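Since the structure is predicted, the reported quantities are computational estimates derived from the model, not experimental observations. Whatever order the structure lists ligands and atoms in, that order sets their numbers, starting from 1.
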Amino acid sequence: MFVHVEIDADAAGDRELAKKLVEVCPVNIFALDAVGNAVIVEENEDECVLCDLCVQAAPPGKVRVIKLYE
Ligand code: SF4
């Protein structure tokens, strides 16, 4: 299965949320850039276990986990 994770720019720039996303994802799909914004670690996206923790940690609709195909 291929998974694509998206985060809205305003959510990515929320440093508290960015830290929370790094904490909750069990497979390190989120990281912090040099200024503390959240970035997606693309090479880890396919490790996503669809746990939904990132979606629940963010305001509604700000983080999306998209299944491309199974
Ligand atoms: S659904 Fe779970 S494994 Fe996938 S990106 Fe979100 S926190 Fe990480």
Side-chain angles (χ1 to χ4, degrees):
M1 176 171 0
F2 288 84
V3 173
H4 180 58
V5 181
E6 290 180 350
I7 180 167
D8 281 4
D10 58 336
D14 175 338
R15 291 181 192 171
E16 286 308 307
L17 177 57
K19 273 193 268 179
K20 197 156 48 156
L21 291 170
V22 171
E23 277 170 25
V24 297
C25 181
V27 293
N28 301 318
I29 287 172
F30 299 93
L32 299 180
D33 69 8
V35 294
N37 293 345
V39 291
I40 304 292
V41 182
E42 287 175 15
E43 60 265 35
N44 289 351
E45 274 179 312
D46 284 340
E47 304 296 321
C48 177
V49 292
L50 303 174
C51 66
D52 237 28
L53 291 173
C54 58
V55 175
Q56 289 166 21
K62 294 295 184 186
V63 173
R64 293 172 299 280
V65 177
I66 301 158
K67 288 183 243 178
L68 297 179
Y69 56 88
E70 295 188 32

Heavy-atom distances under 4.0 Å are what count here, so tell me which part of Leu21 touches ligand 1: side chain, backbone, both or neither.
neither
Are Val24 and Gln56 close enough that some pair of their side-chain heavy atoms sits under 4.5 Å apart?
no
Stepwise side chain to side chain contact (heavy atoms under 4.5 Å, CB included) check, Asp33 with Val39
CA-CA 6 Å; Asp33 69 8; Val39 291; 3.9 Å; yes
Nearest-neighbour protein heavy atom for atom 2 (Fe) of ligand 1, which is reported as residue plus atom name and distance:
Cys51 SG, 2.2 Å
Taking non-hydrogen atoms only, is Val49 closer than 4.0 angstrom to ligand 1 via side chain, backbone, both or neither?
both
Given Asp14 and Lys62, is the side chain to side chain contact (heavy atoms under 4.5 Å, CB included) satisfied, shown in steps?
CA-CA 11 Å; Asp14 175 338; Lys62 294 295 184 186; over 6 Å; no
Just one of Val41, Val3, Ile40 clears the side-chain contact (heavy atoms from CB on, under 4.5 Å) bar with Ile29, so which one?
Ile40
Atom 2 (Fe) of ligand 1 and Cys48: any N/O/S contact shorter than 2.8 Å?
no
Please list, in number order, the atoms of ligand 1 under 4.0 Å from a heavy atom of Ile29.
5 (S)
Are any of the side-chain heavy atoms of Leu17 and Lys20 separated by less than 4.5 Å?
yes
Flag side-chain contact, heavy atom, 4.5 Å: Asn37 against Arg15:
yes
Is there side-chain contact between Val5 and Phe30, with at least one heavy-atom pair below 4.5 Å?
yes
Residue Cys25 vicinity, atoms of ligand 1 by number, heavy atom under 4.0 Å:
3 (S), 5 (S), 7 (S), 8 (Fe)
In the protein, which heavy atom is nearest to atom 1 (S) of ligand 1, and how far is it?
Asp52 N, 3.2 Å
Can an N, O or S atom be found in Cys54 less than 2.8 Å away from atom 8 (Fe) of ligand 1?
no
Note: ligand 1 atoms sitting under 4.0 Å from heavy atoms of Val27 are 3 (S)
